[in-house]
Amino acid sequence: MRKFFSTTTARLAVSYLVIIMIMTIGFSMVIYRDSAHELGRQLPPPGAFGVRRIDDISRPGTPIHLFFQQRIDEGRHLLLLHLIILNAVTLVAGGVLSYYLARLTLRPVEDNMEAQAQFVSDASHELRTPLTVLQTTNEVALRRQKLSSAQAKDILRHNVEELTRLDNLTAELLKLARTDDQPDAFERVAVQDIVTDALNAVVASASRKKINVDDQVPKLSINGNKSNLTSALVALLDNAVKYSPDKSTIHVEAAEQGKYVLISVRDEGLGIDAEHLPHIFDRFYRADQSRNKQQHEGYGIGLSLAKKIAEQHHGEILAVSTPGKGSVFTLKIPLS
Ligand code: ADP
């Protein structure tokens, strides 16, 4: 990819330079032609002033005519020299400027392509893990001489679990890819509606862990996409449920602060170590891999999706956490 971009940058820079040079050479030619013509007109036609001495200036062969003719030729040469120097300087300065402009034009494209390549590689890696597990389990089962119906059911149950994981993962990846596209239409959205929809999405998993959700949301509205904002809040609530102990409480609050609405989700869960905190919004990042993989289902996509949605709304997500005590995630979105 690097090689592709360096050749593309060079090509684009050369194209810019060709345009600059065509323009400067063109202008120089026009300037030279017009100025040389003007210089030639300095000699008055014979008899223009009716005075013999002055007439000598325009009479070919007279010393004064030769003198003026020489001055005009010198003037033309000097003009030509200046234009050549100007074009040479333009060639060098234009070359540097063209390269800089080409880099500036291509950098966002390059960053985007690199991010996409990274995403595809990470996504493939995540997809391969459940597939490898499925393949190994089934191969081992096939190699067995005998398989009781209880064992077969066990394997099938395991297969279904892995397939569900795959299904969830692809659904999350699709959601993430869609959010990468242009933002959907914005409208005036009531914060209470977003919170209600998001809470409905996590109520089943929260009640399974007997987690109590306390929500205090005043009447506020923001300008945004309701479905995306709900997805962002679901990601925060889903994590709060996943990483909280049974019978704990999750607090959902909303408040106005300056030009923003802050929607916060506070849990009494595991918390996040300071070393992991700066990375939790990265795609596929999971703090403390061993702890997470064993105990909590997740792919490290939720927070990156929530962050993307917040940025789509010209807002951000803030995270504060105390290991062992809990975390507060705050969605900060401009007021409508
Ligand atoms: P995951 O699907 O693994 O939860 P996320 O992107 O939602 O992925 O979160 C990234 C990581 O941040 C998680 O793996 C977890 O370690 C950490 N995390 C997120 N929210 C919380 C929370 N409320 N409490 C503790 N850890 C959290």
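None of the values given here were measured: they were computed from a predicted structure. Indexing begins at 1, ligand by ligand and atom by atom, following the structure's order. As a basis for the values below, the full set of heavy atoms in this structure was taken, side chains included, without hydrogen atoms, waters or symmetry mates.
Surrounding CD of Q257 are at most 12 heavy atoms belonging to other residues, nucleotides or ligands under 6.0 Å away.
When non-hydrogen atoms are compared, ligand 1 lies under 4.0 Å from neither the backbone nor the side chain of L270. At a 4.0 Å heavy-atom cut-off, ligand 1 touches I301 through the backbone alone. Heavy atoms of S327 found under 4.0 angstrom from ligand 1 belong exclusively to the side chain. With a 4.0 Å heavy-atom cut-off, ligand 1 is reached by the side chain of K242 but not by its N, CA, C or O.
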How far apart are the C-alpha atoms of T170 and L127, what are their side-chain angles, what is the distance that settles it, and do they pass the side chain to side chain contact (heavy atoms under 4.5 Å, CB included) test?
CA-CA 8 Å; T170 41; L127 285 168; 3.9 Å; yes

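Taking a cutoff of 4.0 Å between a charged side-chain nitrogen and a carboxylate oxygen, R165 and E126 do not qualify as a salt bridge. The existence of a salt bridge linking E253 and R266 is confirmed by a sub-4.0 Å separation between a basic side-chain nitrogen and an acidic carboxylate oxygen.
A heavy-atom separation below 4.0 Å is not found between G269 and ligand 1. The closest approach between A235 and ligand 1 stays at or above 4.0 Å for every heavy atom of the residue.
With N225 contributing its side chain and N228 its backbone, the two residues share a donor-acceptor pair below 3.5 Å. Checked by atom type and distance alone, the side chain of D267 never pairs as donor or acceptor with a backbone atom of G326 at under 3.5 Å. When atom types are taken as modelled, the side chain of K209 and the backbone of S244 share a donor-acceptor pair closer than 3.5 angstrom.
Near G271, with a cut-off below 4.0 Å to any heavy atom, the atoms of ligand 1 are 25 (C). Per-residue contacts place Y285 under 4.0 angstrom from the following atoms of ligand 1 (heavy atoms of the residue considered): 10 (C), 11 (C). Listed by number with element, the atoms of ligand 1 under 4.0 Å from a non-hydrogen atom of R286 are 3 (O), 14 (O).
Ring-plane geometry between H313 and F186 is classed as parallel, the angle between the planes falling under 30 degrees on a 0 to 90 degree scale with a further cut at 60.
Summarising the contacts of atom 19 (C) of ligand 1 with N239, D282, I250, L277, the nearest heavy atom is found in N239.
Taking any N or O of I272, backbone or side chain, none lies under 3.5 Å from an N or O belonging to ligand 1. Here's the thing with F329: none of its N/O atoms is less than 3.5 angstrom from an N/O atom of ligand 1.
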